[in-house]
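One structure below.
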Amino acid sequence: MSLARVHNFSISLDGFATGEGLSLEAPFGHAGERLHEWMFATRWWHEMTDRPGGTSGLDDAYVRQFTPGIGAEIMGAGKFGHPGWHGDPQWKGWWGANPPFHTPAFVLTHHPRPSIEMEGGTTFHFLDTSPAEALRTAREAAGGQDVRIGGGPSTIRDFLAAGLIDHMHVVVVPILLGRGVRLWDGLESLEKDYEVEAVSSPSGVTHVTFTRTGR
């Protein structure tokens with residue numbers, strides 16, 4: 001069976017994956033872009049945004065694992081859009097006409113709408129269902145490849161609580177946010193089900209990978 005994977009998911013030292021006060025103007029609230037500056041510096045990101053340069057070290061090696069072997073993505077409503085996006089029938093996500101997923105992408109929402117076909121192979125489908133059922137649907141669409149659980153923190157937490165994530169790459173960024181949405185709440189002793197490896201980067205972040213034991 002294909003794996004459910006999380007990649008490049010940034011959290012602060014105090015466990016917050018997004019800040020407080022999310023809006024159309026502030027997708028990560030008061031956190032701004034601080035959780036993702038490590039990624040923006042990589043050569044991979046520069047290539048994605050059609051710019052020269054970028055770092056080619058450890059951070060770049062990890063971030064490039066985002067795409068290979070992925071046949072579908074699942075994301076929460078909070079990743080797809082700002083609070084209240086479901087009231088705007090023209091909203092098609094944050095990423096413009098050609099989103100970076102290039103696969104079927106399943107949005108978990110209590111406000112389903114017709115699927116949206118974008119450029120580059122991404123089609124957004126909107127589901128009001130459980131994590132287990134969403135994963136079954138995404139695996140059918142993935143054609144034998146893996147499914148990426150893309151976030152936000154509440155969605156990843158729900159999939160972890162249901163025992164559905166096989167591999168997870170979390171990036172601990174050396175900042176304190178103090179408020180927002182935390183990843184780890186309610187997941188006491190999660191580490192018992194995984195082999196855990198942590199690698200520090202010269203950029204200051206720590207890459208922590210969780211691989212389910214027995215796979």
Side-chain angles (χ1 to χ4, degrees), residues 2-19 27-75 79 94-95 98-103 105 120 142 145-153 155-157 159-160 164-178 180-184 187 190-215:
S2 67
L3 302 181
R5 295 160 37 190
V6 175
H7 287 283
N8 307 334
F9 194 75
S10 298
I11 64 172
S12 63
L13 287 173
D14 47 350
F16 292 96
T18 190
F28 291 93
H30 82 287
E33 296 184 340
R34 288 180 291 162
L35 285 168
H36 306 100
E37 289 173 351
W38 70 272
M39 183 188 302
F40 299 153
T42 64
R43 182 169 295 178
W44 178 83
W45 183 264
H46 282 233
E47 292 170 358
M48 290 275 290
T49 54
D50 295 320
R51 293 183 297 153
T55 63
S56 57
L58 184 66
D59 294 342
D60 189 64
Y62 270 100
V63 79
R64 287 182 183 275
Q65 298 176 25
F66 176 81
T67 300
I70 296 293
E73 162 135 351
I74 298 172
M75 69 180 73
K79 177 174 178 176
W94 300 103
W95 305 280
N98 187 3
F101 309 108
H102 310 302
T103 66
Q145 297 193 87
D146 292 345
V147 176
R148 184 173 51 240
I149 313 300
T155 296
I156 292 177
R157 190 188 317 120
F159 276 79
L160 286 168
L164 297 174
I165 290 180
D166 302 296
H167 176 85
M168 180 168 61
H169 168 225
V170 173
V171 185
V172 182
V173 181
I175 62 173
L176 294 170
L177 291 179
V181 183
R182 288 169 48 87
L183 175 62
W184 303 121
L187 297 175
L190 172 78
E191 73 282 355
K192 293 180 180 179
D193 296 326
Y194 294 87
E195 294 178 358
V196 183
E197 178 179 300
V199 181
S200 297
S201 167
S203 68
V205 306
T206 301
H207 298 274
V208 186
T209 55
F210 296 76
T211 304
R212 184 178 296 280
T213 55
R215 291 297 302 224

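A side-chain donor-acceptor contact under 3.5 Å links Arg157 to the backbone of Arg182. The backbone N or O of Ser2 sits nowhere less than 3.5 Å from a side-chain atom of Asp146 that would complete a donor-acceptor pair. Between the side chain of His102 and the backbone N or O of Gly120 there is at least one donor-acceptor pair closer than 3.5 Å. Distance alone, capped at 3.5 Å, places no donor-acceptor pair between the Arg64 side chain and the Ala61 backbone. Ser201 contributes a side-chain N or O that, together with a main-chain N or O of Ser203, makes up a donor-acceptor pair within less than 3.5 Å. In this structure a side-chain-to-backbone donor-acceptor pair under 3.5 Å is present from His46 to Pro52.
Every side-chain contact (heavy atoms from CB on, under 4.5 Å) that Asp14 has, sequence neighbours left out, goes to Ser12, Phe16, Leu176, Leu177. The side-chain contact (heavy atoms from CB on, under 4.5 Å) check on Pro153 picks up Phe9, Ala17, Thr18, Val181, with sequence neighbours excluded. Checked against side-chain contact (heavy atoms from CB on, under 4.5 Å), Glu197 has the following partners two or more places apart in sequence or in another chain: Tyr62, Val199, Thr209.
The heavy-atom pair separating Ala31 from Gly19 by the smallest distance is CB-N, 3.8 Å. When all heavy atoms of Val173 and Ser10 are compared, the pair lying nearest together is CG2-CB, 4.1 Å. The two residues Ser200 and Leu58 come nearest to each other via the heavy atoms O-CD2, 3.5 Å. Listed here is the closest heavy atom pair of Phe101 and Lys79: CE2-NZ, 4.0 Å.
Partner of His169 under the side-chain hydrogen bond (donor to acceptor under 3.5 Å, both in side chains) criterion, out of His7, Arg5, His207: His207 alone. Screening Asp193, Thr155, Leu187 for a side-chain contact (heavy atoms from CB on, under 4.5 Å) involving Leu160 leaves a single residue, Leu187.
To the nearest 0.5 angstrom, Ile156 atom CD1 is 6.0 Å from Ile165 atom CD1. Trp184 contributes atom CH2, which lies 5.5 Å from atom CD1 of Ile11 (distance to the nearest 0.5 angstrom). We find the CE-CD1 distance between Met168 and Ile149 to be 11.5 Å, quoted to the nearest 0.5 Å. We find the CD-CH2 distance between Glu47 and Trp44 to be 9.5 Å, quoted to the nearest 0.5 Å. Atom CZ of residue Phe159 and atom CG of residue Leu164 lie 6.5 Å apart, to the nearest 0.5 angstrom. Between Phe66 atom CZ and Met39 atom CE the span is 8.0 Å, to the nearest 0.5 Å.
In summary, the side chains of His36 and Asn8 do not present any donor paired with an acceptor at a separation below 3.5 Å, with no hydrogens or angles considered.
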- Task: Report the C-alpha separation of Gln145 and Ile70 in whole Å, then their side-chain angles, then the decisive distance to 0.1 Å, and conclude whether the side chain to side chain contact (heavy atoms under 4.5 Å, CB included) test is met.
- Result: CA-CA 6 Å; Gln145 297 193 87; Ile70 296 293; over 6 Å; no
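Val208 has its side chain within reach of Val196: a pair of non-hydrogen atoms, C-beta onward, lies under 4.5 Å apart.
The number of heavy atoms from other shown groups lying within 6.0 Å of CD (Glu33) does not exceed 12.
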